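The next block holds one structure in the form of structure tokens; read it before the comments.
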Amino acid sequence: MSKQLLIYESAVPVSTTRHAGASVETNDSYAFCAGINAVPLMAIEFPRAAAEYAIVFTAQGDDLMPAAVLGVRNEQNLYLSADLRWKADYIPAFIRRYPFVFASSADGKSLTLCIDESHPGFNREGRGSALFGDDAEPTPYVTKVLEFLQEYQAHFERTRVFGRHIKELGLLEPMQATVTTPKGETLSLGGFMVVSRDKLRALDGETLQQMARNDELELLYLHLASLRNFNEVKDRLLGTLAEQPAAEGAV
């Protein structure tokens, strides 16, 4: 599997044939997502994510999906510490489900649980949580993983519906964030969209009332409020740049 899913390198279906005796050991390292600057976000995550991340919208085929901005440079996650720990209170569900993911069948009617075998915690030495018991049945650990991914998938479908509605209403406009470094270098982050306050205010009363009833209006205002967190992203970037001279001069 290619990295079209951002952080997955070799995701394969979980099976007793392939994974009898396999285990997953978890730790606090998020090295697997060090090379991404944005991550998909579900609508249900907005209330918590809006406090720490800039929430934007990105086109994914015909769909419009929310995303949390993690960095300015293409392959830099500014929400990781030097020792690859997560530097925020809330960790997006897309990250928390790793190394597991659902793969959809060609007709989209069925889902298969997969695991990324490149995950450092994947092992066959019994470390961590086993995938299958001696009876070849999935362990309670895998049952919990399935429950989490099923819930995630349900929220993914709801978020797709939300994105389609926002797109149909024509509320979005392109935006580009820029950061000027102390050395005068200008870095730009584009390719995403945000809601136009003017277009939102121009909606008729009936549409606004319906959006308030189904919580879409609250989601949009959380999105707009979250954009102030671009300052947080900028500060994190400048912080890493300030640390570089000391690191480069160290022996």
Side-chain angles (χ1 to χ4, degrees), residues 4-8 11 33 36 38-70 79 88-116 142-175 191-197 199-200 203-227 229:
Q4 61 182 356
L5 287 174
L6 298 179
I7 57 178
Y8 296 85
C33 57
I36 57 174
V39 64
L41 201 68
M42 301 302 102
I44 195 173
E45 299 181 89
F46 278 33
R48 293 193 63 185
E52 299 180 279
Y53 306 91
I55 301 172
V56 299
F57 290 89
T58 62
Q60 294 186 8
D62 294 332
D63 290 327
L64 190 73
M65 294 296 290
V69 176
L70 303 177
Y79 281 77
D89 290 333
Y90 183 73
I91 303 174
F94 183 94
I95 300 296
R96 285 184 280 121
R97 69 177 182 171
Y98 187 79
F100 296 95
V101 66
F102 271 149
S104 178
S105 61
D107 59 9
K109 294 182 179 180
S110 63
L111 297 169
T112 301
L113 178 65
C114 297
I115 185 171
D116 187 351
V142 172
T143 300
K144 288 182 179 180
V145 167
L146 278 168
E147 290 173 352
F148 180 80
L149 264 66
Q150 287 165 351
E151 183 179 358
Y152 182 93
Q153 191 67 25
H155 286 299
F156 174 80
E157 295 302 332
R158 295 187 189 109
T159 303
R160 285 179 65 187
V161 172
F162 166 61
R164 287 172 181 169
H165 190 211
I166 301 310
K167 185 177 180 180
E168 290 168 1
L169 292 173
L171 297 178
L172 297 163
E173 59 185 8
M175 178 181 172
F192 60 87
M193 292 167 283
V194 298
V195 168
S196 164
R197 289 181 181 272
K199 292 178 180 179
L200 183 58
L203 291 177
D204 62 84
E206 183 178 349
T207 299
L208 287 169
Q209 186 178 55
Q210 181 59 39
M211 292 177 71
R213 285 176 178 168
N214 61 20
D215 295 329
E216 288 183 343
L217 196 57
E218 178 185 4
L219 292 175
L220 293 188
Y221 279 116
L222 283 169
H223 148 67
L224 289 169
S226 79
L227 297 180
N229 289 320

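Computed from a predicted model, the values in this text were never measured in an experiment.
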Nearest-0.5 Å distance, CG of residue Leu171 to NE2 of residue His165: 8.0 Å
Is a donor from one side chain sitting under 3.5 angstrom from an acceptor on the other, for Thr207 and Asp204? yes
Backbone N or O of Gly163 within a donor-acceptor pair of the Asp63 side chain at under 3.5 Å? no
Any Lys/Arg nitrogen of Arg160 or Glu157 sitting under 4.0 Å from an Asp/Glu carboxylate oxygen of the other? yes
Distance col, row Cys33:SG vs Ile95:CD1, nearest 0.5 angstrom, shows 4.0 Å
Near Lys144 NZ, under 6.0 Å, is it more than 12 heavy atoms from other residues, nucleotides or ligands? no
Pairwise distance CG(Leu217) to CD(Gln209) - rounded to 0.5 angstrom: 11.0 Å
Classify the ring geometry between His223 and Phe57 as parallel (under 30°), tilted (30 to 60°) or perpendicular (over 60°). perpendicular
Under the side chain to side chain contact (heavy atoms under 4.5 Å, CB included) test against Tyr79, which residue among Ile36, Leu70, Val69 passes? Leu70
Specify the closest pair of heavy atoms between Ile55 and Pro66, including all atoms of both residues, with the distance to one decimal. CG2-CB, 4.3 Å
Could Arg97 and Tyr152 be counted as a cation-pi pair, given that NZ or CZ must be under 6.0 Å from the ring centre and within 45° of the axis? yes
What do you reckon, is CD1 of Ile44 surrounded by more than 12 foreign heavy atoms closer than 6.0 Å? no
For a quick test of reading the model, state the closest non-hydrogen atom pair linking Ala43 to Leu219 and the distance between them. O-CD2, 3.4 Å
Distance, nearest 0.5 Å, that separates CE of Met42 from CZ of Phe94: 8.5 Å
Does the side chain to side chain donor-acceptor pair (under 3.5 Å) test come out yes or no for Arg48 and Tyr53, once each step is laid out? CA-CA 9 Å; Arg48 293 193 63 185; Tyr53 306 91; over 6 Å; no
As an exercise, state the distance from CE of Met211 to CD of Glu206, rounded to the nearest 0.5 Å. 13.0 Å
So, taking the atom named CZ in Phe46 and the one named OG in Ser226, what distance separates them when rounded to the nearest 0.5 Å? 7.5 Å
